[in-house]
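Letters A, B, ... mirror the listed sequences (proteins, then strands); counts begin at 1.
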Amino acid sequence: MRYKAVTFVPKRWVEGLSTALITLISWVALGALGGVIAFLLYKGAGVLSWAFFTDLPRRGMQSGGIGPALVGSIYVTLVAIGVGSLVGTAAGAYMSEFATRRRIVRFLEFLINTLAGIPSVVYGLFGLALFVVALGLGASILAGGLTLALLSLPLLIRNAQEAFGAVPKALKEASIGLGASELQTFFRITLPIALPRLLTGLALATGRVLGETAPILFTAAVYYLPTYPKGLLEPTMLLPYHLYVLVTSGVDVRQTYPMAFGTALTLLGLTLAFTGLAAYLRFRLKRRYRV
Amino acid sequence: MHLRAWRLIFAFVLSGATVYKLETRAVSVWYGSYQALKGVSLALERNQVLALIGPSGCGKSTFLRLFNRMNDFIEGFRLEGEVLIDGENIYAPQVDPVHLRRRVGMVFQKPTPFPFSIYENVAYGLRLQNRLPESQIRERVEHALRQAALWEEVRDNLKKSALMLSGGQQQRLCIARALAVRPSLLLMDEPTSALDPISTAKIEELIHELRQHYTIVIVTHNMQQAARVSDMTAFFYMGQLVEYGRTKDFFTNPQHPETIRYITGRFG
Amino acid sequence: MKKKMFAVAGWSTFLVLIGLTVFLFREGLPALYKFPQPELVFAVHPANPVVRLSAEAVRALAEGKADWAAFGGPARPARLVHLANLERYLPAYASAAEIQRILADLAADTAILLALPAPLLPEAVKPISVTWQGWRELFGSLYWSPTYEPLPRVGVWPLLVGSVWVTFIGLMLVVPLGLAMAIYVAEFLPRTLYYPIKVLWEVLAGLPSVVVGFWGLVVVVPAVKSVLHLSAGETAFTAGLLLGWITLPLMASLVEEALQAVPRLLVESSYGLGATRWQTILRLKLPYILPSIATAALLSAGRILGETMVVLMVSGNAPLLATTPFQPVRTLPATLAAELGEAPIGSYHYHVLFFLGALLFLLTLALNLAAYAIQSRYLRAQTLG
Ligand SMILES: Nc1ncnc2c1ncn2[C@@H]1O[C@H](COP(=O)(O)OP(=O)(O)OP(=O)(O)O)[C@@H](O)[C@H]1O
Ligand SMILES: [Mg+2]
């Protein structure tokens, strides 16, 4: 009688090949990322100059700079992160420190997960209906900033909740035991200790907000405006939208490509800077905690 | 402050008896549906050290934390009976737990230094209350550090991070921090269980010193420690106060079979 | 007092979610019951007995697919005059009086069907009513042409199908590759590289989508075109490719976390029984984290479905019903981004776009809830076991 082997005998070379394959996949996916960055650097670095960052767009956006778009993006991001971080930090504090029932916190976490899954363009619609139309802000820096603030809330709240939650409970109890009220404990112990983590989340959110396009399409952005924004209630040019415009709606798209590469590189540089800052902060944190 | 003093005198005159520093009357505690303490009644006089002993999970910490209302934060916490400090029911509706905690110091099992400087750690409790001039804060920080027998070791490094201290020093810092707000009652939950023998000895010495000015309640798993530092000992078992008496009698002549089994080390 | 403010902030997400739902539906539901061209009057010759037409009938008449007889009128094909083709009948320069005269002449034709604003309407015509069933128009039509005259075509199927193709291609990419990357990082990556690679994932996930779209347009689109020998490189496939790529970090990190959380005891038992590393991965770990994989795939699908700018730039933007992924398509979000700027606030077009937004909201919500349900059920099962 002959037995048929029923167990799969692993062959060394099959396993080795599998390992090699997933290694290859992992690095190719990231290699493409390097490709994007290198490509934009190669094509766009030549365009960058001080004048490019400060000048107005000229000659049908085929030359000049991106000054208004850069400044507009900074304004909108400031509004978004200003409002978002305030509300987000307070909400995270509520969920981690002040909410009295576990069920409430679970429910709020569920809401946050739900909000986090909503596409950014839907936030744009909401911002249009609420801020631009219903509240009468018009397409403006304020409306766009508030829309982006809502968009970044889930990220900021989750991060704040984690940051506060990571502060050792023993320290909070020690402070309470010394006669500090809950609020005193929060402002004097929990908040300062959580600060590095809070900043990490803030940097991440800033990077994300800077690159968002869909939510500001109808709430803040204008196609072309040869002036710097003068107030919160004015519409403005914005970097991501400007790039989109340069690439898709120029009279002769080829002519605007150098500008587009410069804009893309600027945008990429800004978001990378903030993502990198977040990574650095987290790295520092890890090291400190280990000591 | 006035009211409390009057109440003290009043109670004293009316009852014609001592007003205890601490007293519990038929205290039961629940965490949700779980009953952690079952009808505990006990009283302690001023400037005495009370040791709480008993097997793990018997309710020692729960009992200790009653006196500064730290259990209030736990979801599902419920209390029956009365807890009195200086004759005043601290769970009465008009009592502000934050004020109460400023009169009651607490030291935890593990040292809990805040990530500030040594000086700021001790000053922390002082800065919570009405604004004291910095000179006065300095004075009280120094006094507290001296009381906690830490002054000599840190006097030149007050600005250094408290995290740089050794475990034993950190725990004494926490004691100093608690003393700085001038409590009359000091609660300690296994204050030496995370420390080496030398640090432990220092803390025990400290408790000896402090008993002259403070009433102290200390939870410990170490029978020798209870015998060394306390005047009174209470033995808890499964949420009940099984035996309570003078420490001398307690260890030489225990009454209850459970107590005997526990102090002779025959518990699982 | 201050504590109350924390509570208010804590519940802000609730307010946002409620507000979002209310506004999307408030602006979107009119697409179901409003008439798209309220300022137009539809009118016929007085001798024409027709008094009521459906929107479909108007379209059939306009395109010459049916004549009046089909609706009880004269046996002649209809002659349609509306704002968009009016010029055809007018000389280059016409005075108001001339226009009136020309319109009156047109209206003398018994086969005429006019769709004009009331002030332009000649006197001797009979207004008729045109019925519009929003539900049937949205889900019963295969054409998307929301500014078409005299009546728009607002069938959502081309857009839905476009979204489905892009999401499908994206998932085909992100699920296997995401798994591979997760396994690599959880099992084979040297520990010193762990943190750097996580940072790279974060960078990839954080690339502004408009930059990805730009890069896709100048690099990937031509590549797809020449490699696959297509007439245009802007296809659902191209968009799916790029979206799958930028969704990899989400998928991979969720799976990687799950892999790390497989109980040590189980893993060591597996090794103890003589299993190799790969056997342990394939036979123990992957089955064990199957619910997490499903959750991650659903979340990735939601992310791909909702992505806007990349699709807008590389998918060709043609709202046609695509039968293969190698055709230009347009997705739900891309339509919103492309058209909302041009739709006057409060117009039918505006309401239809909000309706699409609500649809997109519900679709992504469903995906997220499904993911959430799987996860919580699995967690409960795990704590019980
Ligand atoms: N927050 C809580 N929620 C529910 N039950 C609790 C909580 N804290 C303590 N308990 C329960 O109450 C009982 C008494 O707890 P307590 O902490 O007072 O014990 P202990 O005597 O201090 O034990 P140990 O010596 O281990 O510190 C234990 O059975 C514990 O499980
Ligand atoms: Mg305890």
Side-chain angles (χ1 to χ4, degrees), chain A residues 10 15 18-19 21-23 25-26 29-30 32-33 36 39-40 87 90-91 93-95 98-99 108 110-115 117-122 125-126 128-130 133 150 153-154 157 183 207-208 210-211 213-214 217-218 240 243-244 247-248 260 264 267-268 271-272 275 279 283, chain C residues 2-3 5-7 9-10 12-14 16-17 19-20 23-24 27 177 180-181 183-185 188 195 199-200 202-204 206-212 214-215 217 219 245 248 276-279 299 302 305-309 313 333 336-337 340-341 345 354 357 360-361 364-365 367-368 372:
Chain A
E15 301 211 334
S18 310
T19 313
L21 185 67
I22 63 170
T23 312
I25 289 172
S26 302
L30 292 176
L33 171 66
V36 172
F39 179 73
L40 290 181
V87 178
Y94 174 71
M95 290 172 64
F98 300 119
L108 291 177
F110 169 73
L111 288 184
I112 289 170
N113 284 338
T114 307
L115 279 183
I118 294 176
S120 58
V121 70
V122 173
L125 290 191
F126 180 43
L128 172 65
L130 175 64
V133 179
L150 296 187
L153 265 188
I157 297 179
L183 279 173
R208 167 136 187 242
L210 267 172
T213 317
L217 280 178
F218 352 101
L243 174 58
Y244 172 67
V247 176
T248 56
L267 191 55
L268 184 72
T271 48
L272 277 188
T275 317
F283 184 61
Chain C
K2 269 190 191 163
K3 257 201 218 162
M5 288 169 63
F6 282 97
S12 62
T13 42
F14 190 61
V16 172
L17 199 60
L20 211 123
F23 273 96
L24 280 182
E27 302 292 312
L177 298 196
M181 286 169 69
I183 293 173
Y184 173 66
V185 168
F188 297 100
Y195 188 69
V199 172
L200 288 181
E202 218 153 71
V203 170
L204 177 53
L207 276 186
S209 54
V210 65
V211 171
V212 176
F214 176 46
W215 181 72
L217 201 57
V219 175
W245 177 56
L248 275 175
T276 64
R277 186 151 212 172
W278 268 102
Q279 282 176 321
L299 290 178
L305 183 63
E307 183 27 76
T308 310
M309 295 316 287
M313 293 165 87
L336 295 177
L340 195 54
I345 288 165
F354 267 88
L360 180 63
F361 170 68
T364 49
L365 194 68
L367 285 172
N368 281 300
Y372 192 81

Query - Check against side-chain contact (heavy atoms from CB on, under 4.5 Å), C:Leu360 and A:Val121 - result: CA-CA 10 Å; C:Leu360 180 63; A:Val121 70; 3.8 Å; yes
Query raised in the report: Can you find a pair of side-chain heavy atoms, one from C:Leu24 and one from A:Val122, that are under 4.5 Å apart?
Result: yes
Query raised in the report: Taking only residues two or more places apart in sequence, or in another chain, which ones meet C:Tyr372 in a side-chain hydrogen bond (donor to acceptor under 3.5 Å, both in side chains)?
Result: none
Query raised in the report: Checking heavy atoms, do the side chain of C:Leu207, its backbone, both or neither come under 4.5 Å from chain A?
Result: side chain
Query raised in the report: Who among C:Arg277, C:Met309, C:Met313 has the most heavy-atom pairs with chain A under 4.5 Å?
Result: C:Met309
**Report entry** Distance, nearest 0.5 Å, that separates CZ of C:Phe14 from CZ of A:Phe110
**Finding:** 11.0 Å
Query raised in the report: Side chain, backbone, both or neither: which part of C:Leu204 has a non-hydrogen atom closer than 4.5 Å to chain A?
Result: both
**Report entry** Closest approach of A:Glu15 to C:Gln279 (non-hydrogen atoms, all atoms of both residues)
**Finding:** OE2-N, 4.1 Å
Query raised in the report: Heavy-atom distance under 4.5 Å to chain A: side chain of C:Leu17, backbone, both or neither?
Result: both
**Report entry** Between CG on residue A:Leu21 and CD1 on residue C:Ile183, distance to nearest 0.5 Å
**Finding:** 10.5 Å
Query raised in the report: Quick one: what part of C:Glu27 sits under 4.5 Å from any heavy atom of chain A, side chain, backbone, both or neither?
Result: side chain
**Report entry** Validation row: C:Leu217, A:Val247 side chains within 4.5 angstrom (heavy atoms)
**Finding:** yes
Report task. Check the pair A:Thr213 / C:Thr308 against side-chain contact (heavy atoms from CB on, under 4.5 Å), numbers first and verdict last. Result -> CA-CA 9 Å; A:Thr213 317; C:Thr308 310; over 6 Å; no
Report task. Please state whether the side chain, the backbone, both or neither of C:Leu336 comes within less than 4.5 Å of a heavy atom of chain A. Result -> both
Query raised in the report: What pairs with A:Thr19 under side-chain hydrogen bond (donor to acceptor under 3.5 Å, both in side chains), at least two apart in sequence or on another chain?
Result: C:Trp278
Query raised in the report: In Å, rounded to the nearest 0.5 Å, how long is the span from OG1 of A:Thr114 to CG of C:Leu20?
Result: 11.5 Å
Requested in this report: Check whether any side-chain heavy atom of C:Phe23 lies under 4.5 Å from a side-chain heavy atom of A:Leu125, and answer yes or no.
Outcome: no
**Report entry** Pair C:Met181-A:Ile22, side-chain contact (heavy atoms from CB on, under 4.5 Å): steps then yes or no
**Finding:** CA-CA 6 Å; C:Met181 286 169 69; A:Ile22 63 170; over 6 Å; no
Requested in this report: Please tell me if the side chains of A:Leu272 and C:Val203 come closer than 4.5 Å, counting only heavy atoms from C-beta onward.
Outcome: yes
Query - Residue part contacting chain A, namely of C:Val185, when any heavy atom lies under 4.5 Å - result: neither
Query - Side chain / backbone / both / neither for C:Leu200 at chain A, heavy atoms under 4.5 Å - result: both
Report task. Please state whether the side chain, the backbone, both or neither of C:Phe188 comes within less than 4.5 Å of a heavy atom of chain A. Result -> side chain
Report task. Mind listing the closest non-hydrogen atom pair of A:Ala264 and C:Phe214 along with its distance? Result -> CB-CD2, 3.7 Å
Report task. Compare all side-chain heavy atoms of C:Ser12 with those of A:Leu153 and state whether any distance is below 4.5 angstrom. Result -> yes
Query raised in the report: With distance as the sole test, does C:Tyr184 use its side chain to make a donor-acceptor pair with the main-chain N or O of A:Ile25 at under 3.5 Å?
Result: no
Query raised in the report: If you measure from CG on A:Asn113 to OG1 on C:Thr13, what distance do you get to the nearest 0.5 Å?
Result: 10.5 Å
Query raised in the report: Run the side-chain contact (heavy atoms from CB on, under 4.5 Å) check on C:Leu340 and A:Leu217 step by step: do they pass?
Result: CA-CA 9 Å; C:Leu340 195 54; A:Leu217 280 178; over 6 Å; no
